[in-house]
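Only one structure is covered here, and it is reproduced in the block below.
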Number of protein chains: 2
Amino acid sequence: MRPDTDPQIRHLHLFRDMAQAHFADLMTASYVQAFPPGLEMIRQGDPADFLHIVLEGSVELVGQWAGRECTMAVVRPVSTFILAACIRDAPYLMTARTLERTRIVLVPASDLRAMFRRDAEFAVAVINELAACYRSVVRNAKSMKLRNSRERVASYLLRQSMLAGGVPTYTLAVEKRLLASYLGMTPENLSRTLKSLEADGVKIDGARVIITDRTRLTALVQPDKLIDGPDPVADSTGSGLPLTYG
Amino acid sequence: MRPDTDPQIRHLHLFRDMAQAHFADLMTASYVQAFPPGLEMIRQGDPADFLHIVLEGSVELVGQWAGRECTMAVVRPVSTFILAACIRDAPYLMTARTLERTRIVLVPASDLRAMFRRDAEFAVAVINELAACYRSVVRNAKSMKLRNSRERVASYLLRQSMLAGGVPTYTLAVEKRLLASYLGMTPENLSRTLKSLEADGVKIDGARVIITDRTRLTALVQPDKLIDGPDPVADSTGSGLPLTYG
DNA sequence: CTGGTCATTTGATATTCGTCAAGCCCCAGG
DNA sequence: CCTGGGGCTTGACGAATATCAAATGACCAG
């Protein structure tokens with residue numbers, strides 16, 4: 001693998017604490033690949049041969065069933081995805097599709113599995129990563145089951161503002177079509193909901209989000225650390241929708 | 001801790017492979033406690049001080065928000081729960097409430113965190129457990145987002161039949177009220193849905209489920225290994241609703 | 001046996017949400 | 001410049017689901 005990409009990856013919590021020699025071993029076995037936009041890199045059900053690390057671009061993770069599909073996450077640099085499938089040596093549960101031109105590091109799953117037996121620090125890092133991912137999906141499930149679509153949209157908008165540092169205005173990181181699917185609704189419904197939220201303190205102008213009355217919006221959302229995070233010691237990666245979904 | 005409970009716990013994948021001396025250390029630091037029915041053992045948001053292991057009885061894990069709540073899982077013997085919170089040393093994401101008289105082993109989270117640094121086999125077991133739990137929640141999220149309530153009910157009924165060995169008739173392991181919440185619907189709706197499913201090959205008589213036309217039901221459900229499982233090398237514990245939710 | 005509590009069922013109704021169809025807007029490609 | 005496609009929006013409609021209310025049934029305690 002090209003050594004210039006190493007430092008970015010080395011910074012990830014997953015790889016930060018392992019022995020340099022071990023990290024080098026993993027990187028030697030890995031390689032970088034570039035994908036054009038809209039390409040299915042992984043189809044759900046495929047055997048999990050590689051841990052994927054997004055270097056540039058963005059990747060959509062989608063679940064599919066009976067001809068339907070839903071966006072489960074959007075992964076942005078620099079973060080990993082489908083760690084769990086690699087570890088279990090089990091089929092991918094989600095399809096991965098590039099949203100734009102994307103560079104990916106592919107780490108052979110077998111090397112990965114061998115490595116956390118060799119390097120105790122790495123094992124601990126994997127444990128922490130999986131636990132964090134797990135908790136994030138549980139949060140997500142809670143949000144889906146406890147909130148209606150309006151509340152989900154509002155909480156999403158407020159949360160993104162917080163992640164951006166509490167700014168009153170920002171730009172949506174993903175297409176509304178994807179956001180709708182991620183939030184478990186149709187694009188039409190999202191569009192209507194966004195408009196209706198103008199009465200509750202957020203105005204949407206294209207991809208621009210303007211929080212006009214934070215107090216009012218917060219009252220509607222009732223943000224909850226156990227759903228919206230952040231987790232203490234959160235592993236803040238740069239994911240566009242929610243977070244890493246290792 | 002009373003030594004007679006050790007063997008059951010030792011059988012769990014989580015503890016099976018660790019050194020006996022280390023296992024004994026963990027058990028020494030742990031203790032057993034019995035809870036009456038309907039008691040909140042854990043409130044969501046509490047610090048995660050103990051890994052819980054159900055020895056007898058059953059425990060409901062519920063998510064709560066804005067005065068609403070939903071059942072996320074029901075845990076049955078012998079299995080663990082809230083592993084991830086213990087590992088992250090983070091607040092519990094779910095409230096745990098006994099459904100009946102329940103005996104629980106409490107393993108101090110700090111000992112647990114220390115242990116996977118001492119015992120590499122245990123670390124590997126934790127990794128596998130977390131990865132499995134993670135995948136199971138992702139499955140769940142897919143089911144919630146890709147299927148409507150009728151399909152979720154039908155797939156649940158068929159899956160339970162499969163888990164029982166493909167039997168044509170069995171008894172629901174949980175109250176319908178809980179099942180409804182777990183499936184993301186109201187009890188009224190579940191009741192109506194169950195009745196309507198008689199036209200598709202399942203008859204419900206009280207808590208009794210009779211599959212009258214498996215072919216028809218299967219056609220409706222379109223079971224999918226990537227949602228309904230089983231995962232290859234699945235860690236089949238004895239959970240009543242879905243699975244362990246460590 | 002009897003009263004009370006709670007789960008379940010049923011019906012009527014309201015709300016949410018998805019579907020269908022059309023039009024708009026933006027942008028890439030000719 | 002024009003043209004076409006795709007994302008977004010809007011309106012009308014219908015289906016799915018929740019809510020409210022009441023009746024029934026199961027089970028437990030007295």
Side-chain angles (χ1 to χ4, degrees), chain A residues 36-38 58 60 65-71 74 97 99-101 143-154 157 171-200 202-209 220, chain B residues 36-38 58 60 65-71 74 97 99-101 143-157 171-200 202-209 220:
Chain A
S58 53
E60 179 192 9
W65 180 76
R68 305 172 204 167
E69 62 175 61
C70 69
T71 302
V74 170
R97 184 187 298 144
L99 289 173
E100 49 195 318
R101 184 178 177 283
S143 182
M144 288 298 299
K145 293 180 74 169
L146 289 167
R147 289 172 169 160
N148 61 30
S149 64
R150 193 160 197 275
E151 292 162 341
R152 291 199 297 276
V153 172
L157 294 177
T171 305
L172 288 176
V174 295
E175 292 180 2
K176 288 181 187 167
R177 170 182 70 88
L178 292 183
L179 180 55
S181 178
Y182 172 68
L183 295 174
M185 55 201 297
T186 59
E188 294 95 325
N189 224 324
L190 174 60
S191 186
R192 280 185 264 266
T193 302
L194 286 175
K195 176 173 288 190
S196 88
L197 282 174
E198 291 192 6
D200 285 280
V202 244
K203 193 170 172 341
I204 276 74
D205 175 36
R208 196 109 201 107
V209 180
L220 171 65
Chain B
S58 53
E60 180 191 9
W65 179 77
R68 305 173 204 166
E69 61 175 61
C70 70
T71 302
V74 171
R97 183 188 298 145
L99 290 173
E100 49 195 317
R101 184 179 177 282
S143 183
M144 287 298 298
K145 291 180 75 169
L146 289 167
R147 304 213 257 227
N148 62 29
S149 64
R150 193 159 197 275
E151 292 162 339
R152 292 199 298 277
V153 172
S155 65
Y156 177 84
L157 293 177
T171 305
L172 289 176
V174 295
E175 290 180 6
K176 287 179 186 167
R177 169 180 70 89
L178 291 183
L179 181 55
S181 178
Y182 172 68
L183 294 173
M185 56 201 295
T186 59
E188 294 96 324
N189 224 325
L190 174 60
S191 185
R192 280 185 263 267
T193 302
L194 285 175
K195 177 173 286 189
S196 88
L197 283 173
E198 291 192 5
D200 285 279
V202 245
K203 193 170 171 340
I204 276 74
D205 175 34
R208 195 109 201 108
V209 179
L220 170 66

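We name chains A, B, ... by the order of the sequence lines, and we start the count at 1 in each one.
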Closest heavy-atom pair, A/K176 versus A/L190, reported as atoms and distance to 0.1 Å, is O-CD2, 3.3 Å
Between which nucleotides of DNA chain C, 5' to 3', does chain A make heavy-atom contacts below 4.0 Å? C/dC17 to C/dC20
How far does the helix from C/dC1-D/dG30 to C/dG30-D/dC1 bend, going by the axes of its first and last five pairs, to the nearest 10°? 40°
Residue list, salt bridge (Lys or Arg N to Asp or Glu O under 4.0 Å) with B/R101, at least two apart or on another chain: none
Taking OP1 and OP2 of D/dC8, is either one under 4.0 Å from a side-chain nitrogen or oxygen of A/K195? no
For B/R147, all residues meeting salt bridge (Lys or Arg N to Asp or Glu O under 4.0 Å), sequence neighbours excluded: B/D228
List for me each residue that meets salt bridge (Lys or Arg N to Asp or Glu O under 4.0 Å) alongside B/R177, sequence neighbours excluded, and say none if there are none. B/E175
How many Å lie between CG on A/L194 and C1' on D/dG7, as a whole number? 14 Å
Keeping A/T71 on the side-chain end and A/S181 on the backbone end, is there a donor-acceptor pair under 3.5 Å? no
Once salt bridge (Lys or Arg N to Asp or Glu O under 4.0 Å) is applied, what residue pairs with a partner in residues 184-199 of chain B remain, sequence neighbours excluded? none
Please list, chain by chain and in numerical order, all residues satisfying side-chain contact (heavy atoms from CB on, under 4.5 Å) with A/D200, sequence neighbours excluded. A/R150, A/L197, A/R216, A/L220
Just by protein heavy atoms under 4.0 Å, how would nucleotides 15-30 of chain D read 5' to 3' in B, S and -? --SSBB----------
How many angstroms lie between atom CZ of A/R152 and atom OH of A/Y182, to the nearest 0.5 angstrom? 10.5 Å
Residues which pass side chain to side chain donor-acceptor pair (under 3.5 Å) with B/S58, listed by chain and number, not counting sequence neighbours: B/E100
Just to verify, what does B/R68 make a salt bridge (Lys or Arg N to Asp or Glu O under 4.0 Å) with, not counting sequence neighbours? A/E151
